[in-house]
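Note that ligands are numbered from 1 as they come in the structure, with each ligand's atoms numbered from 1 the same way.
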Amino acid sequence: MSNISTLVPVIAIDGPSASGKGSVAELVAEQLGFHYLDSGAIYRIVAYASQQNQIAWSDAEAIAKLTAQLHIEFSHGNILLNGNDITTEVRSEEMGRGASEVAVHPAVRHALLDLQKQFRQLPGLVGDGRDMASVVFPDAILKIFLTADVEIRAQRRYQQLRNRGLAADYETILQDLQARDLRDSQRSAAPLKQMPDALLLDTSNRTIQQAVDFVLNAYKKTTDTYKKT
Ligand code: C5P
């Protein structure tokens, strides 16, 4: 059942919010010359578009219908929806929360599957999210579960927002991350969890560069093994 797309190698990086998986995935993709899929951004776009269309984040059917009409583009680090740059809007904490609310609906997840699979193009793809390894690319050549202690993640998110000159409150961020972790890992559709064949990468005491090196080494080992068999 191999078609051309299953011959394209995928590195799946899943993990909770603010674990650093986005930065790691992007740098790994850059080093390997691979494409990069930020699947969280897609859920954020859906939350944003729903709000713009006065659709409640709880309205699964209307949101699933809406996703079919969205024209999403990623261009030089910018996020475009129907031609408009909405990068700043979708990166907000509000849209992070909205994304995790729209993401609980199986119909919405289903409506976004093909769009995500289309990113699988030569010479390869690094995908980051919650269900890259379990649902979207179950045949990924390498699966990484990237995490960090919730307090450390809250601290990183706090710094990130401060560096961007945005108002931030550590306690609120911590509570928000805990609520999002709970929602992401306890939902019935594609819950966040480490797959049995995924490598655990805890970045609590690692720099981004160390995490990138871990993934690149693991990828090299995997491809070396493939070449030998
Ligand atoms: O990774 P990011 O924080 O941008 O994701 C926002 C939300 O989108 C997550 O909290 C999660 O609920 C949802 N998401 C998901 N599946 C993915 C990526 C993101 O459910 N593959």
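- In this structure, Glu101 has no heavy atom closer than 4.0 Å to ligand 1.
- Closest to atom 16 (N) of ligand 1, if we only count protein heavy atoms, is Arg109 NH2, 3.0 Å.
- We find the CZ-OG distance between Arg183 and Ser100 to be 3.0 Å, quoted to the nearest 0.5 Å.
- Here Arg109 pairs with Asp131 in a salt bridge; the nearest charged N to carboxylate O distance falls below 4.0 Å.
- The protein heavy-atom contact nearest to atom 3 (O) of ligand 1 is Arg44 NH2, 3.2 Å.
- Taking any N or O of Arg130, backbone or side chain, at least one lies under 3.5 Å from an N or O belonging to ligand 1.
- Residue-ligand proximity: Lys21 is placed with a non-hydrogen atom under 4.0 Å from ligand 1.
- Residue contact annotation: Arg183 has no non-hydrogen atom under 4.0 Å from ligand 1.
- More than 12 heavy atoms of other residues, nucleotides or ligands shown are found within 6.0 angstrom of CD on Gln210.
- Classification of Arg180 and Asp176 as a salt-bridged pair holds, one side-chain N sitting under 4.0 Å from a carboxylate O.
- The shortest N or O to N or O distance between Arg91 and ligand 1 is not under 3.5 Å.
- A donor and an acceptor atom, one from each side chain of Tyr158 and Arg162, are located under 3.5 Å apart.
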